[in-house]
Amino acid sequence: MGESSRTGFVAGLEDVVAAETYLSGVDGEAGELTMAGFPVEELAGRASFEETVYLLWHDVLPDPDQLADFREELSGRRELSRATLDLLRTVAVEKVPVMDALRMAAGTVRPGTDEGEALALVASLPTIVAAYSRMLEGEEPVDPDPELGHAANYLYMLTDDVPGAEFTRALETYLNAVSDHGMNASTFVARVIVSTRSDFVSAVVGAIGALKGPLHGGAPGPALDVVFEIGDVSRAEAHLREKLGRGERLMGFGHRIYRVRDPRADVLAAAADRLYTTDGDRELYDLALGVEQTALRLLAEHKPGRNLQTNVEFYTALLLHGLGLPTQLFTPTFAAGRVAGWTAHCAEQRALDRLIRPQSVYVGSKDRIWVPLEER
Ligand code: ACO
């Protein structure tokens, strides 16, 4: 879908620049992602999630005192209000999908200053996801542990077990890698909402709704399901050909901006490789690599010249599965990472203070004559 020659409309706003940002930049031709000046490969595997959030919010890495204060500010806001817990318990009875429950519960974050809302949103999204996921299993939520870092505490609240350093590092690498990514759909939604001088909570609620769709953050669950359905690499080609033949898209492949391999896929592949070497189902990991190779070969055949490559979601699925997360928590965990970028973009948009209000071109008919109901 390209530009309409009649009106100049570009479907999907492809290549339309909608903001200048200091937060992150995506070079789709070179396969580069820069986050506040750092290549994603430099940052994701080293920073704690708190350091990444601080960096995105302040454009500088915190010194040890600043980091200690920031950790405390966040950990002090992890607990959910009674109203939020009651809401989650109510929707758990109906088995509402986790992303829908997250969207509803994020909306209960109390209004405050922009900074207060941003802190509360980053701090509480993992608590919402962990508490709700346990409720769905008929278990009681685990209270957050203020002594644990953000990522370790998330895993702790999910499992009631303090995770080892390896697991914490792997999750932290994931959260950092997905914390921001230029003008993606959910970030655009957040910026549009804040541009009306609305609040950060509303912006993040809207962003969660946008992230949920399978063309954005909803892909990793289905991507892993395909690996499970295939079961053995010898069946990969027939299975994937059948999907493409039915006109389906292969989840975890292709990207609007990247024309080469998504650099986040490499960062997550390295983290997943480490995780599955020390702990986890190596057979599944090897099967997934086989499926990836087959998918890339078939996509090259299916859409020659389009250069459909592995995107972040394929290795997200493997990494999060290796951490013991069920597929229904993949997209909510993405939200727990991306909320860092959403809130940073909200602040950037707030400072710009310019209403985002594009144009549309009316292409419908004109001068119609009203026909009374009894004559239709
Ligand atoms: N499998 C099969 N065909 C594909 C795929 C895919 N994964 N991706 C693109 N194509 C095809 C399209 O059907 C289209 O064919 P057509 O020209 O015959 O209509 C052609 O390649 C070009 O695709 P576009 O839709 O123009 O690509 P776009 O840049 O709009 O879409 C997107 C990017 C949505 C990510 C797409 O590649 C896709 O649907 N991928 C699968 C879902 C997925 O992995 N989503 C996660 C993205 S990463 C993220 O958001 C964090």
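One-based numbering, in listed order, for ligands and for the atoms of each. Side chains are part of it too, since the values below use all heavy atoms of this structure and drop only hydrogens, waters and symmetry mates. Keep in mind that what you see is a predicted model, and the values were worked out from it rather than measured.
- A search for side-chain contact (heavy atoms from CB on, under 4.5 Å) contacts involving Arg368 returns Ser365, not counting sequence neighbours.
- Using modelled atom types, no side-chain atom of Asn153 and backbone atom of Pro144 make a donor-acceptor pair closer than 3.5 Å.
- With ligand atoms numbered from 1 in the order given, ligand 1 contributes 51 (C) to contacts under 4.0 Å with heavy atoms of Val312.
- Near Met251, meaning under 4.0 Å from any of its heavy atoms, are these atoms of ligand 1: 42 (C), 44 (O).
- A salt bridge (Lys or Arg N to Asp or Glu O under 4.0 Å) with Arg71 holds for exactly one of Glu51, Glu147, Glu50; it is Glu50.
- Residue Glu313 comes nearest to Phe334 through the heavy atom pair OE2-CE1, 3.6 Å, listed as atom of the first residue, atom of the second, then distance.
- If you look at His321 and Phe228, their ring centroids are closer than 6.0 Å.
- Residue Phe334 places no N or O, backbone or side chain, under 3.5 Å from any N or O of ligand 1.
- A pairwise comparison of heavy atoms in Leu175 and Ala336 identifies CD2-C, 4.2 Å as the closest pair.
- Between His216 and ligand 1, an N or O atom pair is found at a separation short of 3.5 Å.
- Here is the list of ligand 1 atoms found below 4.0 Å of a heavy atom in Leu244: 2 (C).
- By the 3.5 Å distance cut-off applied to N or O atoms, Arg256 is counted among the residues near ligand 1.
- The Gly252 neighbourhood of ligand 1 comprises atoms 43 (C), 44 (O), with distances under 4.0 Å to a heavy atom of that residue.
- Close N/O approach between Leu250 and ligand 1 is found [any backbone or side-chain N/O within under 3.5 Å].
- Using a 4.0 Å cut-off between heavy atoms, Pro214 contacts ligand 1 through its backbone alone, with no side-chain atom that close.
- Between Leu224 and Thr316 the shortest side-chain heavy-atom distance does not fall below 4.5 Å.
- Of the N or O atoms in Arg249, one or more lie within a sub-3.5 Å distance of an N or O in ligand 1.
- Interface of Ala219 with ligand 1, defined as ligand atoms under 4.0 Å from a residue heavy atom, comprises 43 (C), 44 (O), 45 (N), 46 (C).
- For Phe70 and His150, the gap between ring centers reaches or exceeds 6.0 Å.
- The distance criterion of under 3.5 Å between nitrogen or oxygen atoms is not met by Leu299 with respect to ligand 1.
- Screening residues 218-238 for side-chain hydrogen bond (donor to acceptor under 3.5 Å, both in side chains) gives Glu229-His239, Asp232-Ser234, Glu237-Arg241, Glu237-Arg297 as the qualifying pairs, with residues at least two apart or on separate chains.
- Only the side chain of Asn311 comes within 4.0 Å of ligand 1, judged by heavy-atom distances.
- Polar contact check, Lys303 against ligand 1: a nitrogen or oxygen pair lies under 3.5 Å apart.
- Of all the listed residues (Leu308, Asn184, Val178, Thr316), Leu308 holds the heavy atom that lies closest to atom 3 (N) of ligand 1.
- Counting heavy atoms from C-beta outward, Leu250 and Leu240 have side chains that approach closer than 4.5 Å.
- Taking all heavy atoms of Arg259, Gln309, Glu248, Arg306 into account, the minimum distance to atom 27 (O) of ligand 1 is reached by Arg306.
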